[in-house]
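Index from 1, following the sequence.
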Amino acid sequence: MSEGRCGMDVLVCVKRVPAFGAKVPLQDDGTVDTRHLGFTLGPHEECAVEEAVRLVSAHGGTATVLAVGPPETEEQVRYALAMGADRGVLVDTGRDDTDPQATAEAIVRAVADLADGAGVPDGDAPRVPFDLLLFGQSSADAGHGQVGIRVARALGLPAVGGIKGVEVPDGAGTVRLRRPVDDGVEVCEAPLPAAVAVKEGLNLPRYPTMPGRLRARKATLHTVPVDPAPGGLRTLGLRQPAEDGAETVVLGQGADAAPAVVDVFERIGVV
């Protein structure tokens, strides 16, 4: 927590991803057809929002949710506000295909804007107006797992990933983190401000209430327009994986099906 004041300010970075379980349609040129595709928050990031709300509830302060993407990403920011976050920030890049490098640079520029409304000299890290930066361990679509580390590097913050336990002792100026390992649990401590990437299972995210949804709908979002430079990755194309189809075979009717049923049982090792 920042010296000389109570409470803590938490920034949660989230991403707009296709809804789980939905078939992602592709166009002829190999790009995703988003016209009829639903979007949501990834499970890691939803847990990060929940943890920010819990920390602020316990210590005071504010929980700010930030998302990078096209204007439609406002939907995911407002969902996080409905969960209990206090402020929403949309880093409007005008597109949703920024890679981890470009996304991290956009977040750093937004942090500078939130800190003092001004830019940052080349080579200098902006002041960080937050005590804790939370990220999902990896996005649900690309799964790169790079953005949190890149942002921490640019801001000069300690970074820890794979976290399933977060504790902020009052007045200690540190965060205590837990992550599972093969033969137990690893516990580490980092000075604040810090960047932490959390995993699904950290907590059980709440469902937005109706009052929360109404509040989120009326909330004013802080928009930071950014034209990100090209990143280091380039998508060559996408293709649908082969589908596993189920086939139904009629073995017969009544007693006539008995020999065929026995043959099936023998093949699968039941008899």
Side-chain angles (χ1 to χ4, degrees), residues 1-15 42-67 80 83-87 89 100 103-104 107-116 120 124-139 145-206:
M1 300 178 198
S2 297
E3 192 175 332
R5 65 175 173 81
C6 298
M8 64 183 305
D9 294 327
V10 184
L11 176 68
V12 188
C13 296
V14 301
K15 184 181 181 183
H44 299 318
E45 292 154 348
E46 198 170 1
C47 286
V49 174
E50 173 66 27
E51 194 66 19
V53 173
R54 293 187 185 190
L55 288 171
V56 169
S57 176
H59 300 283
T62 58
T64 301
V65 174
L66 178 151
M83 288 178 64
D86 302 293
R87 295 193 303 162
V89 179
T103 300
I107 293 173
V108 171
R109 289 169 65 178
V111 168
D113 183 90
L114 295 170
D116 50 23
V120 220
D124 291 347
R127 182 176 66 85
V128 180
F130 302 98
D131 300 293
L132 186 64
L133 278 68
L134 294 179
F135 300 84
Q137 177 66 23
S138 60
S139 61
Q146 297 183 23
V147 173
I149 296 172
R150 288 178 177 275
V151 170
R153 168 79 175 179
L155 297 177
L157 302 179
V160 188
I163 297 304
K164 282 196 173 183
V166 178
E167 180 185 351
V168 180
D170 285 328
T174 60
V175 58
R176 187 173 297 128
L177 306 164
R178 298 188 305 277
R179 62 183 169 196
V181 292
D182 290 341
D183 55 352
V185 177
E186 186 177 76
V187 180
C188 58
E189 230 175 46
L192 296 176
V196 176
V198 304
K199 297 184 72 174
E200 183 181 11
L202 167 68
N203 51 46
L204 182 62
R206 69 194 69 191

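The minimum heavy-atom distance between Ala110 and Leu66, with the atom names listed, is CB-CD1, 3.8 Å. Contact detail for Ala52 and Val10: the closest heavy-atom pair is CB-CG1, 3.7 Å. In terms of heavy atoms, Gly148 sits closest to Ala195 at O-CB, 4.5 Å. The shortest non-hydrogen separation linking Val108 to Ala154 is CG2-CB, 3.6 Å. Taking both residues in full, the closest heavy atoms of Glu45 and Cys13 are given as CG-O, 4.0 Å, listed atom of the first, atom of the second, then distance. A pairwise comparison of heavy atoms in Leu202 and Cys47 identifies CD2-O, 4.0 Å as the closest pair.
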Do any side-chain atoms of residues 132-139 form donor-acceptor pairs under 3.5 angstrom with protein atoms, and if so which ones, sequence neighbours left out?
{"residue": "Gln137", "atom": "OE1", "partner": "Gly162", "partner atom": "N", "Å": "2.6"}
{"residue": "Ser139", "atom": "OG", "partner": "Asp141", "partner atom": "OD1", "Å": "3.0"}
{"residue": "Ser139", "atom": "OG", "partner": "Ala142", "partner atom": "N", "Å": "3.4"}
{"residue": "Ser139", "atom": "OG", "partner": "Gly143", "partner atom": "N", "Å": "3.1"}

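A distance of 9.5 Å separates OG1 in Thr103 from CZ in Arg150, rounded to the nearest 0.5 Å. With values rounded to the nearest 0.5 angstrom, Leu157 atom CG is found 11.5 Å from Phe130 atom CZ.
The list of salt bridge (Lys or Arg N to Asp or Glu O under 4.0 Å) pairs with a residue in residues 184-198, not counting sequence neighbours, reads Arg176-Glu189, Arg179-Glu186. Evaluation of the side chain to side chain donor-acceptor pair (under 3.5 Å) test over residues 190-203, restricted to residues two or more places apart or in two chains, returns Glu51-Asn203.
When the options Val89, Val111, Val65, Thr62 are evaluated for a side-chain contact (heavy atoms from CB on, under 4.5 Å) with Leu11, the one that passes is Val111.
At least one side-chain heavy atom of His59 sits less than 4.5 Å from a side-chain heavy atom of Asp170.
When the side chain to side chain contact (heavy atoms under 4.5 Å, CB included) test is applied to Leu177, the partners found at least two apart in sequence or on another chain are Val160, Ile163, Val166, Val175, Cys188, Val196. Looking at residues two or more places apart in sequence or on another chain, you find a side-chain hydrogen bond (donor to acceptor under 3.5 Å, both in side chains) between Arg206 and Glu50. In this structure Ala172 satisfies the side chain to side chain contact (heavy atoms under 4.5 Å, CB included) test together with Pro169, Thr174, sequence neighbours excluded.
At least one donor-acceptor pair closer than 3.5 Å links the side chain of Asp131 to the backbone N or O of Asp9.
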